[in-house]
Novice: 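Mind looking over this structure? Questions follow.
Start at 1 with the first residue, then count along the sequence.
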Amino acid sequence: MDELVIDYTERLDLRFSRRRLLAAAALGGICRGGSLLRAEPARAIGPIFEEIPPETSGITWVHENAKSPERYLPESLGPGCAFLDYDNDGWMDIYLVNSGPSDFYTPKQPLRNALYKNNRDGTFTDVTEKAAVAAGTTFGMGVAAADYNNDGYPDLFVTAYGRSILYHNNGDGTFTDVTEKAGLAVSGWTTSAVWFDYDNDGRLDLFVCSFVDYTDKPSCGANKAGQRYYCIPRLFKPTHSFLFHNNGDGTFTDVTRGTAIERAMGKGLGVVATDINNDGRMDLFVANDTVQDFLFVNRGNNKWDEIALMAEVAYSESGRARSGMGVDAADINGDGWEDLFVSNINDEMFSLYTNNKNETFFDAAHKHGIAQETRLLSGWGLKFFDYDNDGLVDLILANGHPDDSIESNYARVKYKEPLLLYHQEQGLLRNVTSDGGPAFSKPLAARGLAVGDYDNDGFVDVLVGANGGAPVLLHNRCGSGNHWLGVKLVGTTCNRDAIGARLTWSAGGVNRSRLKNSGGSYLSSHDPREVLGLGASLKIDWLEIKWPLPSGKVQRFTDLPIDRYVTIVEGKSTVEG
């Protein structure tokens, strides 16, 4: 284990953040976990999140869901969204996915995805055409961003009903469609995707969720009024998802054949890569619609065990398959083991699975009140994150029913539904949606959800994709007085994004730990940096990084700064920031 001393080579420009913090100080603190001027907890006297309107942010793009009288199922599932730093300037940019032409839809006007560059002042500029990432030739679903070729720039994989797209980042503000060359021209209907290094060779591989066989586009039928509707896809045949191995030369090989991934026929919508058994290999938790969820445990050498039934995460407590949509993983109780979450449709309730440390789980959603509070909701994008930097994991849920005619048949179920926000207090996730702000009382047809700190103030923001509507950008104005350290990890022997790294830190004598997972939510991709909450502590005692294999190296850092971002490069004895 290395003991390293930090060399501060540069400081991030946080002038915009300081203005916000001073404004929050004038309010006396605006979220749970402590005010700016004192360490004791303080109740919010203002909203935790502020919705930033298009006229302020500059994000004017709107999702086109292609809604038709026939109610074709792909119309109801998008869109995804992403935070990424495409130009490597240290500020999170935004990517938004749109629908497009397909075998059932011809747009009246050309449609496109959108890339917005962060102007570092709270506004964004549309650079889609210059960057060449408009797509427009396929019916887009979601996006997964990561640096698959270890050149320091994040690339984009766009899923779709139709042809998927791999955009290689050229490092000059532009991208190139290298889908065919890379061997990733997946057809059919793909939804969520996740980059992770399943064989620990230092290169990111790709898992792609496949939804249903929609070849014949059968109708769901009509309701009593004769109107067609978006049905639960029980009548559609399941498919298997895909695993692609990164060959290290810009190409990928489909290694699904002969594995449990090929044998497991599902209707995949959400996926997260995490390590459920702490063996150093990344596993996969997949949410399926109307069939059991999957838990693929990585045994090495591309051998996978699908253990969801034995792990008790396949079905509901009553043994029924549900409409799994969004997923995530995090260590919510601080025991060093990853827990799981899955959202479902109304009357099915969501599940929060705590890890029993023996490849089984216990559904604790009732204990936390989440099962009861989500009974009438349909969940899509979701994320575990520490919104107030107290060091404890919180949770946000984006909801909306897939069928826009649901209210004509079910009085208590709505098409557009509110976001939910949970804050961890004394080991329980408590519903604090009422403190979230006006955006949390505004019903949405929400789908994808991404988290990222777009203004670099250390308090993580939220982006929500809305079906047939404008995206919702939520600015975290917590200003809790809690301190933080933002960490960008750069692998050299391991994958450059350091997916699979274990971060352990101590502040005020309290130890915390976090695994750098990949994916999670629904159709979306997140800020790759880790924001470590320090609570009221005025310093971080130490930070330890256990890098993923093939390195597995452990480095320990002392004398770190706080309330700013640093870059830590695997094996280097200095930290930038």
Novice: Of all the heavy-atom pairs spanning Ser241 and Ser210, show the shortest one and how long it is.
Specialist: OG-N, 3.2 Å
Novice: Any luck finding a side-chain donor-acceptor pair between Lys267 and Thr239 under 3.5 Å?
Specialist: no
Novice: Rounded at 0.5 Å granularity, tell me how far CD1 in Ile345 sits from CG in Leu377.
Specialist: 11.0 Å
Novice: Could you go through Asn511 and Trp542, starting from their C-alpha distance and side-chain angles, then the distance that decides it, and tell me whether this counts as side-chain contact (heavy atoms from CB on, under 4.5 Å)?
Specialist: CA-CA 9 Å; Asn511 293 353; Trp542 49 264; 3.8 Å; yes
Novice: From Met282 CE over to Leu284 CG, what is the distance, rounded to the nearest 0.5 angstrom?
Specialist: 8.5 Å
Novice: Any carboxylate oxygen within less than 4.0 angstrom of a Lys/Arg side-chain nitrogen, looking at Asp331 and Arg514?
Specialist: no
Novice: Going by atom types only, do Tyr422 and Glu373 share a side-chain donor-acceptor pair under 3.5 Å?
Specialist: yes
Novice: Would you please test Val313 and Gln292 for side-chain contact (heavy atoms from CB on, under 4.5 Å) and show each step?
Specialist: CA-CA 8 Å; Val313 299; Gln292 74 158 79; over 6 Å; no
Novice: If you measure only the distance, is there a donor-acceptor pair under 3.5 Å linking the side chains of Tyr565 and Asp453?
Specialist: yes
Novice: Decide if the gap between the ring center of Trp304 and the ring center of Phe294 is smaller than 6.0 angstrom.
Specialist: no
Novice: We want to know whether Asn346 and His401 form a side-chain donor-acceptor pair, criterion being a heavy-atom distance below 3.5 angstrom.
Specialist: yes
Novice: Scan residues 510-537 for pairs that pass ring pair (Phe, Tyr, Trp, His ring centres under 6.0 Å), counting only residues two or more places apart or in two chains.
Specialist: Trp380-Tyr522
Novice: Any side-chain heavy atom of Leu309 within less than 4.5 Å of one from Tyr315?
Specialist: yes
Novice: Determine, step by step, whether Arg375 and Asp347 satisfy the salt bridge (charged side-chain N to carboxylate O under 4.0 Å, His left out) criterion, reporting the C-alpha distance in whole Å, the side-chain angles of both residues, the deciding distance to 0.1 Å, and the verdict.
Specialist: CA-CA 5 Å; Arg375 185 177 181 275; Asp347 293 321; 3.6 Å; yes
Novice: For a 4.5 angstrom cut-off between non-hydrogen side-chain atoms, does Lys488 reach Val566?
Specialist: no
Novice: Taking Ser513 for the side chain and Gly336 for the main chain, is one N or O donor matched with an acceptor at less than 3.5 Å?
Specialist: no
Novice: What heavy-atom pair brings Asp541 and Gly508 nearest, and what distance separates the two atoms?
Specialist: OD2-N, 3.3 Å
Novice: Evaluate the ring planes of Phe385 and Phe49, with Trp represented by its six-membered ring, and classify them as parallel (under 30°), tilted (30 to 60°) or perpendicular (over 60°).
Specialist: tilted
Novice: Please walk me through it: do Leu352 and Ile332 pass side-chain contact (heavy atoms from CB on, under 4.5 Å)?
Specialist: CA-CA 10 Å; Leu352 170 56; Ile332 66 163; 3.7 Å; yes
Novice: Is there side-chain contact between Leu473 and Tyr454, with heavy atoms separated by less than 4.5 Å?
Specialist: yes
Novice: Which atoms form the tightest heavy-atom contact between Trp547 and Ile568, and what is the distance?
Specialist: CH2-O, 3.6 Å
Novice: State, yes or no, whether a side-chain contact exists between Leu463 and Val472 at a heavy-atom distance under 4.5 Å.
Specialist: no
Novice: Please check if the distance between the ring centroids of Phe459 and His475 is under 6.0 Å.
Specialist: no
Novice: Just by modelled atom types, is the Ala507 backbone N or O under 3.5 Å from a matching donor or acceptor in the Ser537 side chain?
Specialist: no
Novice: Say whether, by atom type as modelled, one donor and one acceptor occur between the side chain of Asp328 and the main chain of Lys383 under 3.5 angstrom.
Specialist: no
Novice: Once you round to the nearest 0.5 Å, how far does CD of Gln372 lie from CZ of Phe350?
Specialist: 12.5 Å
Novice: In terms of side-chain heavy atoms, does Asn344 have a donor or acceptor partner in Ser323 at a distance below 3.5 Å?
Specialist: no
Novice: So, does Arg281 use its side chain to make a donor-acceptor pair with the main chain of Asn298 at under 3.5 Å?
Specialist: yes
Novice: Would you call Val327 and Leu340 a side-chain contact if the rule is heavy atoms closer than 4.5 Å?
Specialist: no
Novice: Any luck finding a side-chain donor-acceptor pair between Asn456 and Arg529 under 3.5 Å?
Specialist: yes
Novice: Keeping the roles fixed (side chain from Trp195, backbone from Ala144), state whether a donor-acceptor pair exists under 3.5 Å.
Specialist: yes
Novice: For the residue pair Phe296 and Phe207, categorise the inter-ring angle as parallel (less than 30°), tilted (30 to 60°) or perpendicular (more than 60°).
Specialist: tilted
Novice: Can you see which heavy atom on Asp527 is nearest to which on Gly452, and at what distance?
Specialist: CB-CA, 3.4 Å
Novice: Hey, does Asp386 have a side-chain heavy atom less than 4.5 Å from the side chain of Trp484?
Specialist: no
Novice: Which value, rounded to the nearest 0.5 Å, describes the distance between Glu306 atom CD and Thr259 atom OG1?
Specialist: 11.5 Å
Novice: Applying salt bridge (charged side-chain N to carboxylate O under 4.0 Å, His left out), which residue pairs with at least one partner in residues 312-324 are found, sequence neighbours left out?
Specialist: none
Novice: Check whether Asn288 reaches the backbone of Gly268 with its side chain - one donor and one acceptor, N or O, closer than 3.5 Å.
Specialist: yes
Novice: Can you tell me how far CG of Asn278 sits from CZ of Arg502, rounded to the nearest 0.5 angstrom?
Specialist: 5.5 Å
Novice: Find the distance between CD1 (Ile499) and OH (Tyr198) and round it off to the nearest 0.5 Å.
Specialist: 15.0 Å
Novice: For Met349, does its backbone N or O pair with a side-chain atom of Thr374 as donor and acceptor, under 3.5 Å?
Specialist: no
Novice: Any side-chain donor-acceptor pair under 3.5 Å between Asn467 and Asn65?
Specialist: yes
Novice: With a 4.5 Å cut-off on side-chain heavy atoms, are Ile276 and Val297 touching?
Specialist: yes
Novice: Sub-3.5 Å donor-acceptor pair from the side chain of Asn358 to the main-chain atoms of Thr360, do we have one?
Specialist: yes
Novice: Apply side-chain contact (heavy atoms from CB on, under 4.5 Å) to the pair Leu534 and Asn482, showing each step before the final yes or no.
Specialist: CA-CA 6 Å; Leu534 309 181; Asn482 289 330; over 6 Å; no
Novice: Please tell me whether Thr354 and Asp339 have a donor and an acceptor in their side chains that are separated by less than 3.5 angstrom.
Specialist: no
Novice: Just wondering, more than 12 heavy atoms not from Lys546 lying within 6.0 Å of its NZ?
Specialist: no
Novice: Under 3.5 Å, is there a donor on one side chain and an acceptor on the other for Ser378 and Asn399?
Specialist: no
Novice: His240 versus Arg263: any side-chain heavy-atom pair under 4.5 Å?
Specialist: no
Novice: Identify the heavy atoms of Asp293 and Gly324 that sit nearest to each other, and give their distance.
Specialist: OD1-CA, 4.2 Å
Novice: Is there a donor-acceptor pair closer than 3.5 Å between any side-chain N or O of His483 and the backbone N or O of Leu538?
Specialist: no
Novice: Quick one: does any side-chain atom of Ser441 pair with a main-chain N or O of Pro438 as donor and acceptor, under 3.5 Å?
Specialist: yes
Novice: If the condition is salt bridge (Lys or Arg N to Asp or Glu O under 4.0 Å), which residues does Glu359 pass it with, not counting sequence neighbours?
Specialist: Arg299
Novice: Return the minimal non-hydrogen interatomic distance between Met141 and Leu77, and the atom names on each side.
Specialist: SD-CB, 4.0 Å
